[in-house]
Amino acid sequence: MSKNNIDTLLYRALNGDIRAISKLLTIIEFPADHDIETISSIMRNLMNRGGKAHIIGVTGSPGVGKSTLISKLISLFRDRNERVAVLSIDPSSPFTLGSFMGNRIRMQSHSLDPNVFIRSTATRGVTGGLSPSSVLLIEAFDGLGFDKIIIESVGVGQTDVDIINVSHTVINVLMPGAGDEIQAMKAGIMEIGDIYVVNKSDKPEADLVYRQLTEIIRSSKYKSKYGWVPKVVKVSSIMGHGISELGDIIDEHRKFLIDRGSFSDIIIHRRVYSVELILKYIIEEKIRKDLKKDGSDILDKVVSGNIDPYTASLTIYNKLAKTC
Ligand SMILES: Nc1nc2c(ncn2[C@@H]2O[C@H](COP(=O)(O)OP(=O)(O)O)[C@@H](O)[C@H]2O)c(=O)[nH]1
Ligand SMILES: [Mg+2]
């Protein structure tokens, strides 16, 4: 893409032109389809302007009501005139009609609002974590001046780890009957969330989950690495109950981070983490593609027991690194 075309596209996108934003995001979503100068010039322009958006990760098992909740949060933020971007990370392909349409239909009421942008993207397989394009899209939304960037993720494996590393505020959504999650928290193997939302509080069993969560957080004296004590809130996304209370807690957490200087620390962390994430992806792709081709003689020797896996790995690494 010529420099002139990039400049025009950026100018239009930065002035809120929805079609230009769409076009820009599509370029960023498939970076390998473009020359590196195009991507780096677009991203440099956007990242120089970024660092202001509040990134909110929303995680939880399928069906707990994340999309419904996010739709309500979008309305809340829009009422304050904030611009909202949503990145929906689906572990399967974003292009399977079911998951894609499911998310879209629930968020449909915002689809005509030019200050709300919803993008659905894939992870690297079911538990493989955020894709390189996801982290680029987050930086792009930030640079384009969105005030809130909400990432919806199904709470599994590496994707959750990635969400924690790129978000300012992590909201963990549970629902009545969340016995397994409660047990995992008690055992200390689930420590994700600045805010716990007990959704579907229109159901009577929600009180039990709320009490159990509150008690676990109280008795464990748990604090996040920034010193925040997680909050629990009961919400009914369908009825709209508890949404404004949740909004207040989200604001309180943001203010807490800003007051301690942690808000910008998290941005620094996010950007460094993004490089590690993409670098890992590139190296893994390289191994996947070239190992069998460039390393077959060495692999044969490992199989026959003539070279150990450690020596073999270092030898192959040195060979691959030369062709990177
Ligand atoms: N009773 C009740 N149902 C809800 C509530 N929020 C969402 N749901 C329903 O739960 C189902 C899953 O919601 P969805 O937002 O798609 O969940 P996600 O998979 O976590 O994104 C849908 O049928 C929703 O209508 C709620 O507050 N109360
Ligand atoms: Mg959903």
Side-chain angles (χ1 to χ4, degrees), residues 55-78 84-111 116-123 125-127 129-131 134 137-138 148-157 159-160 162-164 167 169-182 184 190 192-211 213 232-247 249-250:
I55 322 272
I56 303 170
V58 178
T59 172
S61 308
V64 292
K66 297 180 296 297
S67 299
T68 317
L69 176 75
I70 290 170
S71 190
K72 289 284 153 54
L73 284 177
I74 295 172
S75 302
L76 184 88
F77 296 140
R78 287 302 298 134
V84 188
V86 179
L87 190 60
S88 181
I89 315 276
D90 199 286
S92 56
S93 160
F95 304 111
T96 62
L97 209 58
S99 59
F100 189 55
M101 294 308 286
N103 281 327
R104 282 209 88 97
I105 286 166
R106 228 145 276 139
M107 296 178 184
Q108 209 173 36
S109 52
H110 304 285
S111 61
V116 177
F117 222 94
I118 299 171
R119 204 79 172 182
S120 186
T121 184
T123 58
V126 177
T127 56
L130 289 186
S131 66
S134 301
L137 285 174
I138 293 167
K148 293 278 189 278
I149 302 171
I150 305 176
I151 313 168
E152 176 182 355
S153 123
V154 176
V156 280
T159 311
D160 254 3
D162 290 347
I163 297 289
I164 295 167
S167 301
T169 303
V170 176
I171 301 180
N172 197 336
V173 187
L174 297 98
M175 66 178 182
D180 288 352
E181 282 92 340
I182 300 285
M190 189 176 103
I192 341 153
D194 300 300
I195 305 168
Y196 287 90
V197 167
V198 180
N199 191 34
K200 310 198 183 182
S201 66
D202 46 283
K203 297 188 175 184
E205 315 92 272
D207 278 327
L208 177 64
V209 177
Y210 178 83
R211 281 201 310 274
L213 274 172
V232 189
V233 58
K234 269 190 290 182
V235 167
S236 169
S237 301
I238 277 197
M239 314 286 281
H241 296 158
I243 299 291
S244 72
E245 194 186 345
L246 172 60
I249 298 173
I250 293 172

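Start at 1 and go down the list; that is how both ligands and their atoms are numbered.
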**OP:** Using 2.8 Å as a strict upper limit, say whether an N, O or S atom of Ser88 approaches the Mg ion (ligand 2) that closely.
**Re:** no
Original post:
Is any N or O atom of Lys203, backbone or side chain, closer than 3.5 Å to an N or O atom of ligand 1?
Top reply: no
**OP:** Sort out for me which residue in Asn199, Ile195, Ile171 forms a side chain to side chain contact (heavy atoms under 4.5 Å, CB included) with Val233.
**Re:** Ile195
**OP:** Apply salt bridge (charged side-chain N to carboxylate O under 4.0 Å, His left out) to Lys148 and list each qualifying residue two or more places apart in sequence or on a separate chain.
**Re:** Glu82
**OP:** Mark yes or no for whether Lys200, through its side chain, and Met175, through its backbone, hold a donor-acceptor pair below 3.5 Å.
**Re:** no
Original post:
Purely on distance, is any nitrogen or oxygen of Ile238 under 3.5 Å from one on ligand 1?
Top reply: yes
Subject >> ligand 1 contact on Val173 by region, counting heavy-atom pairs under 4.0 Å >> reply: neither
**OP:** Check ligand 1 against Lys66 and write out every atom of the ligand that is under 4.0 Å from a heavy-atom position of the residue.
**Re:** 15 (O), 17 (O), 18 (P), 19 (O), 20 (O), 21 (O)
Original post:
What residues form a side chain to side chain contact (heavy atoms under 4.5 Å, CB included) with Ser201, not counting sequence neighbours?
Top reply: Ala206, Lys234, Ser236
Original post:
Of the backbone atoms (N, CA, C, O) and the side-chain heavy atoms from C-beta on, which set of Met239 has a member under 4.0 Å from an atom of ligand 1: side chain, backbone, both, or neither?
Top reply: neither
**OP:** Go through ligand 1 atom by atom and flag the ones less than 4.0 Å from a non-hydrogen atom of Asp202.
**Re:** 1 (N), 2 (C), 26 (C), 27 (O), 28 (N)
**OP:** List every atom of ligand 1 that sits less than 4.0 Å from any heavy atom of Glu152, numbering the atoms from 1 in the order shown and giving each element.
**Re:** 21 (O)
Original post:
Between the main-chain N or O of Ser61 and the side-chain N or O of Lys66, is there a donor-acceptor pair closer than 3.5 Å?
Top reply: yes
**OP:** Please work out whether any backbone atom (N, CA, C, O) or any side-chain heavy atom from C-beta onward of Pro62 is under 4.0 Å from ligand 1, and answer side chain, backbone, both or neither.
**Re:** backbone
Subject >> Heteroatom of Glu152 nearest to the Mg ion (ligand 2) (N, O or S, atom name) >> reply: OE2
Original post:
Are Ile250 and Phe77 side-chain neighbours, meaning at least one heavy-atom pair lies under 4.5 Å?
Top reply: yes
Subject >> Note, Leu69 side chain near Leu246 side chain (heavy atom, < 4.5 Å) >> reply: yes
Original post:
Purely on distance, is any nitrogen or oxygen of Asn199 under 3.5 Å from one on ligand 1?
Top reply: yes
Original post:
Does Val235, backbone or side chain, put an N or O under 3.5 Å from an N or O of ligand 1?
Top reply: no
**OP:** Decide yes or no for Ser134 and Leu87: does some side-chain heavy atom of the first lie under 4.5 Å from some side-chain heavy atom of the second?
**Re:** yes
